[in-house]
Visitor: 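Just dropping this structure here.
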Amino acid sequence: MTNPETGVINDELKPFATALKSMKRANSGLTWINQEHVTAFLTELARTPLVSHDVIDQLPRSRTREYVRELLVTHQILPPRDGLLHRYIDWSNDALDRLKSAEHRDIVNRYIRWHHLRQMHSMESVSHGTFLRSKQTVTVTIEFLNWLTDRDVSIGDLSQADLDSWQAEGPSTREFAIRFLAWAFKMKLVAADLTMTPHRRGTSPKMSAEAQQDTVDSITSNQPALNPRDRAAAILVLVFGQQIDRVVKLTWDHVIVSDELVTVTLGAIAIALPAPLDEPFRHLAGERDLANTAAHPATNWVLRGYVPGRHINPTHLRNRLKATFSTRTARLGTLHELTKLAPAAILADTLGYSPATIERHAVASAATYARYVSMFDADA
């Protein structure tokens with residue numbers, strides 16, 4: 001990290017160098033630094049007289065560039081910025097090149113700028129859900145407009161027959177073009193009487209109660225296939241119906257581990273985890289000191305991630321769990337079963353969901369408060 005032109009480390013980078021030299025597990029830092037591409041990037045960074053986000057943006061785009069950027073933010077050399085927003089901007093600029101028609105490229109550019117980016121700029125920080133949903137929507141939009149181009153149809157000449165063919169001839173993901181269509185209506189790019197068939201609520205597959213129990217048993221067995229971090233996440237999905245986007249944001253303020261008890265707070269009250277559900281959380285708590293590296297100094301994330309100072313990426317976690325179970329199918333199955341056992345208001349408070357969301361699941365599972373009360377009347 002010494003500037004080859006001056007022979008010294010720039011003052012701005014000295015805290016970064018100090019953090020790397022102060023790691024308790026020096027081998028981790030040395031292994032990373034000694035990679036050829038990392039050495040090359042740090043050498044380029046050392047040449048810069050001023051370190052800023054704009055300066056780093058000018059360096060070649062790579063995972064190393066973004067990793068080092070987050071290290072600099074973690075050690076307060078750079079101010080925080082919304083990484084997902086800028087990732088989306090980079091992604092969308094590349095995505096526009098996939099459009100076959102100049103007319104359609106201009107329309108998608110406007111759609112990205114005045115719909116998706118406008119929404120993102122209005123948010124305090126862009127969530128992974130918004131990031132992925134926007135990418136998915138634009139990807140399907142590009143496929144749709146290229147499909148029209150191949151049929152020699154411009155967006156202004158779009159007909160109901162075109163929409164029906166598009167939706168009927170391909171996978172169910174084609175229905176996401178309805179989001180673009182709604183924007184196109186507002187911009188008066190297409191006729192206002194065009195329609196697409198939207199996804200129907202309640203039709204997504206759900207994991208059965210038996211499959212849930214079998215999966216929990218395999219996760220908590222003496223020889224589980226998943227590591228402690230993945231087991232902890234799996235328990236929160238399978239037992240408490242949690243969304244992965246929320247699971248990754250758990251901190252050690254939400255999870256309290258003592259010799260006698262492990263509790264996790266998902267909503268308004270703390271939930272005690274009995275053995276063996278508590279085991280992965282005890283393991284993660286026990287290795288917190290080992291997690292204190294230059295990338296994660298004094299980390300408070302329960303599920304720390306690859307990016308310095310950040311929790312694990314939710315998409316990465318979903319993919320890790322995919323070999324064992326579908327997180328969406330499991331979550332929907334769990335909520336389906338839980339709403340048979342307790343009133344929506346209590347579940348909402350306990351699990352951190354809105355009452356309206358739990359009520360929808362309760363209606364779908366034909367659960368009623370009267371059935372809940374009758375359980376206690378029978379016991380009496």
Side-chain angles (χ1 to χ4, degrees), residues 127-130 132-133 136 172 175 198-220 226 230-250 254-255 262-274 276-278 280-281 302-303 311-312 314-315 317-376:
S127 67
H128 271 91
T130 297
L132 294 175
R133 185 165 51 252
Q136 181 186 52
S172 60
E175 69 192 25
H199 173 75
R200 291 186 297 130
R201 282 187 180 275
T203 58
S204 299
K206 304 176 183 65
M207 182 181 284
S208 68
E210 294 78 12
Q212 292 172 42
Q213 185 61 57
D214 289 344
T215 307
V216 171
D217 289 344
S218 69
I219 288 170
T220 57
L226 301 175
D230 296 346
R231 291 205 302 279
I235 287 168
L236 294 174
V237 175
L238 287 160
V239 180
F240 301 107
Q242 293 297 293
Q243 296 175 316
I244 288 293
D245 283 357
R246 293 191 63 210
V247 168
V248 299
K249 296 178 182 177
L250 280 180
H254 300 107
V255 179
V262 172
T263 63
V264 58
T265 302
L266 304 171
I269 61 175
I271 305 170
L273 299 181
L277 300 183
D278 61 340
F281 296 94
V302 175
L303 308 178
H311 54 66
I312 187 173
T315 302
L317 182 57
R318 283 191 194 92
N319 289 336
R320 287 189 59 85
L321 296 176
K322 187 181 295 184
T324 305
F325 65 94
S326 162
T327 56
R328 176 176 173 78
T329 301
R331 179 176 63 84
L332 294 178
T334 298
L335 293 177
H336 183 82
E337 295 302 321
L338 288 176
T339 50
K340 297 177 181 179
L341 304 176
I346 292 177
L347 283 176
D349 279 348
T350 304
L351 303 180
Y353 277 95
S354 70
T357 297
I358 296 298
E359 187 62 39
R360 285 200 302 271
H361 287 279
V363 170
S365 64
T368 62
Y369 184 69
R371 180 182 297 180
Y372 174 75
V373 172
S374 70
M375 292 167 56
F376 288 88

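By convention here, the first residue in the shown sequence is residue 1. Just so we're clear, the structure is a prediction, and the values are computed from it rather than from any experiment. Side-chain atoms are counted along with the backbone in the values below, which use heavy atoms only and exclude waters and symmetry mates.
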Visitor: With sequence neighbours left out, what residues match Val264 under side chain to side chain contact (heavy atoms under 4.5 Å, CB included)?
Guide: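 Leu236, Leu250, Val255, Leu266, Ile271, Leu273.
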
Visitor: Hey, what do you get for CZ (Arg328) to NZ (Lys206), rounding to the nearest 0.5 Å?
Guide: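 Reported value, rounded in 0.5 Å steps: 9.0 Å.
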
Visitor: To the nearest 0.5 Å, what is the distance between CG on Leu321 and CD1 on Ile244?
Guide: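 One gets 5.5 Å once the value is rounded to the nearest 0.5 Å.
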
Visitor: Apply side-chain contact (heavy atoms from CB on, under 4.5 Å) to residues His311 and His128 and explain how you reach the verdict.
Guide: CA-CA 12 Å; His311 54 66; His128 271 91; 4.2 Å; yes

Visitor: Does Gln212 use its side chain to pair, donor to acceptor, with the backbone of Gly333 at less than 3.5 Å?
Guide: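 At least one qualifying donor-acceptor pair exists.
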
Visitor: Check for a donor-acceptor pair, side chain of Arg231 on one end and backbone N or O of Leu226 on the other, with a separation under 3.5 Å.
Guide: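 It does hold such a pair.
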
Visitor: Once rounded to the nearest 0.5 Å, what's the spacing between atom CG of Leu335 and atom CZ of Arg360?
Guide: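 So the CG of Leu335 and the CZ of Arg360 are separated by 11.0 Å.
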
Visitor: How close do Pro314 and Val248 get, heavy atom to heavy atom, and via which atoms?
Guide: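 Nearest heavy atoms, Pro314 then Val248: CA-CG1, 4.0 Å.
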
Visitor: With no hydrogens and no angle check, is any side-chain donor or acceptor of Asn319 less than 3.5 Å from a backbone partner on Thr315?
Guide: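 It does hold such a pair.
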
Visitor: Closest approach of Leu303 and Ala233, non-hydrogen atoms and distance?
Guide: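 Looking at all heavy atoms of both residues, the shortest contact is CD1-CB, 4.2 Å.
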
Visitor: Which heavy-atom pair separates Ala272 from Pro274 by the least distance, and what is that distance?
Guide: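 That closest heavy-atom pairing would be O-CD, 3.5 Å.
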
Visitor: Evaluate Ile358 against Leu338 for side-chain contact (heavy atoms from CB on, under 4.5 Å), listing each step before the verdict.
Guide: CA-CA 10 Å; Ile358 296 298; Leu338 288 176; over 6 Å; no

Visitor: Rounded to the nearest 0.5 Å, how far does OG of Ser208 lie from CG of Asp214?
Guide: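 Going from CG on Asp214 over to OG on Ser208, the span is 7.5 Å.
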
Visitor: Do Asp245 and Ser127 have side chains that get closer than 4.5 Å, going by heavy atoms?
Guide: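 In short, these two side chains do not touch, never coming nearer than 4.5 Å.
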
Visitor: Taking the side chain as everything from C-beta on, heavy atoms only, tell me whether Val216 gets closer than 4.5 Å to Ile235.
Guide: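 Answer no - side chains too far apart.
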
Visitor: Looking at every non-hydrogen atom in both residues, tell me the closest pair between Thr334 and Val239 and how far apart they are.
Guide: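 Taking Thr334 first and Val239 second, the nearest heavy atoms are CG2-O, 3.6 Å.
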
Visitor: Report yes or no: does Tyr353 contribute a side-chain atom to a donor-acceptor pair with the main-chain N or O of Gly241 at less than 3.5 Å?
Guide: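 Side chain of Tyr353 to backbone of Gly241: a pair is present.
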
Visitor: List the atom of Pro276, the atom of Thr220, and the distance in Å for their closest heavy-atom pair.
Guide: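 In terms of heavy atoms, the two residues are closest at CG-CB, 3.6 Å.
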
Visitor: Does any non-hydrogen side-chain atom of His336 lie less than 4.5 Å from one of Leu332?
Guide: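 No; the side chains remain at least 4.5 Å from each other.
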
Visitor: Can I get a per-line list of side-chain donor-acceptor pairs under 3.5 Å for residues 344-351, giving both atom names and the distance, sequence neighbours left out?
Guide:
from: Thr350; atom 1: OG1; to: Ile346; atom 2: O; distance (Å): 2.8

Visitor: Rounded at 0.5 Å granularity, tell me how far CD in Gln243 sits from NZ in Lys249.
Guide: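 Spacing of CD (Gln243) from NZ (Lys249) equals 10.0 Å.
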
Visitor: Return the set of residues passing side chain to side chain contact (heavy atoms under 4.5 Å, CB included) with Thr215 (not counting sequence neighbours), or none when no residue passes.
Guide: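 Testing Thr215 for side chain to side chain contact (heavy atoms under 4.5 Å, CB included), a comparison that skips the adjacent residues, returns Met207, Ser218, Ile219, Leu238, Thr324, Phe325.
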
Visitor: Is there side-chain contact between Arg331 and Gln242, with at least one heavy-atom pair below 4.5 Å?
Guide: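 SC-SC contact between Arg331 and Gln242 ruled out.
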
Visitor: Rounded to the nearest 0.5 Å, how far does OG1 of Thr263 lie from NE2 of His254?
Guide: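 His254 NE2 to Thr263 OG1: 11.5 Å, rounded to 0.5 Å.
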
